[in-house]
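Single-structure report; data block below.
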There are 2 protein chains.
Amino acid sequence: MIREGDEPGPVFVILEGWACRYKILPSGARQIMAFMIPGDSCDLHVNLLPEMDHSIQAITTATVATIPKATMQSLMADHPAIARAMYTAQLIDESIMRSWIVSMGRRSSIERVAHLMCELYLRAYSIGLVTDGEVALPLSQLVLADALGMTSVHINRVLKELRLAGAMALRRGSLDIIDPVKLIQIAGFDENYLHRRLRTGSDRH
Amino acid sequence: MIREGDEPGPVFVILEGWACRYKILPSGARQIMAFMIPGDSCDLHVNLLPEMDHSIQAITTATVATIPKATMQSLMADHPAIARAMYTAQLIDESIMRSWIVSMGRRSSIERVAHLMCELYLRAYSIGLVTDGEVALPLSQLVLADALGMTSVHINRVLKELRLAGAMALRRGSLDIIDPVKLIQIAGFDENYLHRRLRTGSDRH
DNA sequence: CGGCACATTGATACCGATCAATCGGGGTGG
DNA sequence: CCACCCCGATTGATCGGTATCAATGTGCCG
């Protein structure tokens with residue numbers, strides 16, 4: 001969708017499917033820095049920068065809306081509520097990035113995997129991607145590895161460990177959280193960084 | 001300066017000294033997610049979020065300006081140029097965070113250290129903290145370790161390696177870049193993510 | 001039906017953590 | 001003024017977690 005070095009164009013909003021931000025190092029290694037799910041958008045104000053410093057790619061087939069710069073500007077100017085919502089979304093994206101830095105720096109591989117699964121579960125939940133405790137997660141082990149700074153081989157072993165521990169099971173395309181408490185405990189997960197304001201009385205997650 | 005869980009207050013701007021954002025894990029481990037130097041500010045719009053998801057601490061004695069929410073809002077509304085500058089600064093902060101994720105995930109410890117030194121050198125340079133190729137870097141090895149996801153013991157060994165390689169030397173409080181080309185090569189450093197628009201004809205950095 | 005990408009498992013190497021001890025320097029109290 | 005003390009830096013020995021290399025299994029799609 002966007003390549004590093006490109007000139008920033010219109011703002012993207014994911015309507016359907018999954019995408020990710022990533023960088024490729026000279027060595028050829030890839031590091032994914034964010035997953036984007038329906039409702040997520042690329043940075044507003046990107047136009048302020050001369051060129052992109054990372055790439056964005058669809059993980060699944062996806063439908064994406066593009067909002068031209070001019071439309072965006074009038075939208076932000078004329079509708080304060082929309083502007084607020086976009087700034088808030090931006091802040092949460094940043095918060096998620098910070099939590100990824102924490103994961104990469106100070107969590108073991110099993111904690112990292114568990115933590116990411118907790119995050120993705122909640123994000124997927126809040127946009128209605130969860131049915132019967134199962135989440136549609138179209139992420140291959142190779143993609144997970146590139147997001148978590150590990151090898152796909154090692155991701156595989158960690159997933160096995162989590163399965164044997166009875167915490168969660170990740171099958172082709174869907175995540176099954178078996179024991180939420182155990183998973184959260186392993187991850188050391190604190191959802192405060194997601195700043196969810198979607199809670200309702202009936203929400204027991 | 002700010003503790004995780006606090007309610008966001010006024011916007012801070014660092015005038016002098018160094019500060020950092022960080023989180024403490026349940027295990028007691030600390031992960032630093034950003035260094036802030038004079039001219040850097042905390043997130044605008046933080047007020048949109050109900051509570052802080054991380055803490056901010058001064059590393060050295062520092063002088064900090066606080067801008068009340070109301071002042072900030074009128075400032076942004078009345079001076080488009082200032083608003084632009086703040087949005088740009090915000091975008092660059094994000095870009096730096098992304099590059100930290102890449103470092104933590106896919107760079108070896110020596111590459112990580114070299115990369116951070118390149119970044120801090122350029123940032124310090126652009127605000128005039130460099131004299132005779134020496135930068136004032138008031139960072140203890142323990143602080144560096146918490147920023148790079150390593151142990152202070154291992155940081156020490158890596159610094160020694162970089163010194164013996166003739167790339168750079170970090171003494172108490174000051175960084176001496178001996179062979180910039182070598183350091184950049186070790187780091188695999190590409191400054192594009194800093195989006196420096198300060199370049200002048202005489203700037204040979 | 002064949003091929004290909006992804007998942008799985010085993011054996012081994014190595015990087016960085018951990019534990020432990022010593023050193024050095026700057027600030028403080030006697 | 002000097003001795004002490006404490007924190008950060010340094011070095012050594014050892015352990016453990018992940019990467020790496022390699023081979024095989026498996027399901028999907030053309």
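Proteins come first, then strands; the chains are lettered A, B, ... in the order of their sequence lines, and each starts at number 1.
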Worksheet item: Within this structure, what is the CG-to-C1' distance between B:Leu139 and D:dA9, rounded to whole angstrom?
Response: 15 Å

Worksheet item: Which nucleotide in the list C:dT8, D:dA19, C:dA17 gets nearest to the side chain of A:Gln141?
Response: C:dT8

Practice prompt. Starting at atom CD of B:Glu161, determine the distance to atom C1' of C:dG16, rounded to an integer number of angstrom.
Written response: 12 Å

Item to complete: Decide, yes or no, whether a salt bridge links A:Glu161 with A:Arg157 under the criterion of side-chain N to carboxylate O below 4.0 Å.
Response: no

Worksheet item: With a non-hydrogen cut-off below 4.0 angstrom, is A:Ser152 in contact with a base, only sugar-phosphate, or nothing?
Response: nothing

Practice prompt. Please report, rounded to the nearest Å, how far the C1' atom of D:dT20 is from the CE atom of A:Met150.
Written response: 14 Å

Worksheet item: Does the ring center of A:His115 lie less than 6.0 Å from the ring center of A:Tyr121?
Response: no

Worksheet item: Considering heavy-atom distances to DNA chain D, does A:His154 or A:Arg172 have its closest nucleotide positioned more toward the 5' end?
Response: A:His154

Practice prompt. May I have the distance from B:Arg171 (atom CZ) to C:dG25 (atom C1'), rounded to whole angstrom?
Written response: 16 Å

Worksheet item: Separation of A:Arg107 atom CZ from D:dT18 atom P, in whole Å?
Response: 14 Å

Practice prompt. Answer yes if the side chains of B:Gln90 and A:Gln90 hold a donor-acceptor pair under 3.5 Å, and no otherwise.
Written response: no

Worksheet item: Which nucleotide, C:dA17, D:dT10, D:dA9, lies nearest any side-chain atom of B:Arg163?
Response: D:dT10

Worksheet item: Quick one: A:Leu170 CG to C:dC6 P, roughly how many Å, whole number?
Response: 14 Å

Discussion item. Looking at B:Lys23 and B:Glu4, is there a salt bridge between them, counting it only when a charged N and a carboxylate O are closer than 4.0 Å?
Written reply: no

Fill in: Euclidean distance, atom CG of residue B:Leu137 to atom C1' of D:dG8 [Å, nearest integer]
16 Å

Item to complete: Mind checking B:Leu159 for me? I need base, sugar-phosphate or nothing, with any heavy atom below 4.0 Å counting as a touch.
Response: nothing

Item to complete: Could you tell me whether B:Gly173 contacts a base, only the sugar-phosphate backbone, or nothing, with contacts defined as non-hydrogen atoms closer than 4.0 Å?
Response: nothing

Item to complete: Tell me whether the OP1 or OP2 atom of C:dG16 has a side-chain N or O from B:Ser109 closer than 4.0 Å.
Response: yes

Worksheet item: D:dT11 P sits how many Å from B:Leu164 CG, rounded?
Response: 9 Å

Item to complete: May I ask you to check whether A:Ser174 and A:Glu134 show a side-chain donor-acceptor distance below 3.5 Å?
Response: yes

Practice prompt. Please state whether the phosphate of C:dT9, meaning OP1 or OP2, lies under 4.0 angstrom from any side-chain nitrogen or oxygen of A:Lys160.
Written response: yes

Discussion item. Let's see if you can work this out: which of C:dC19, C:dA7, D:dT20 has an atom nearest to the side-chain heavy atoms of A:Val153?
Written reply: D:dT20

Worksheet item: Between D:dT18 and A:Thr151, is there an OP1 or OP2 to side-chain N/O distance shorter than 4.0 Å?
Response: no

Fill in: hbond_proxy A:Arg157 side chain to D:dT20 base (donor-acceptor, 3.5 Å cutoff)
yes

Discussion item. Quick check on D:dT10: is either OP1 or OP2 less than 4.0 Å from any side-chain nitrogen or oxygen of B:Asn156?
Written reply: yes

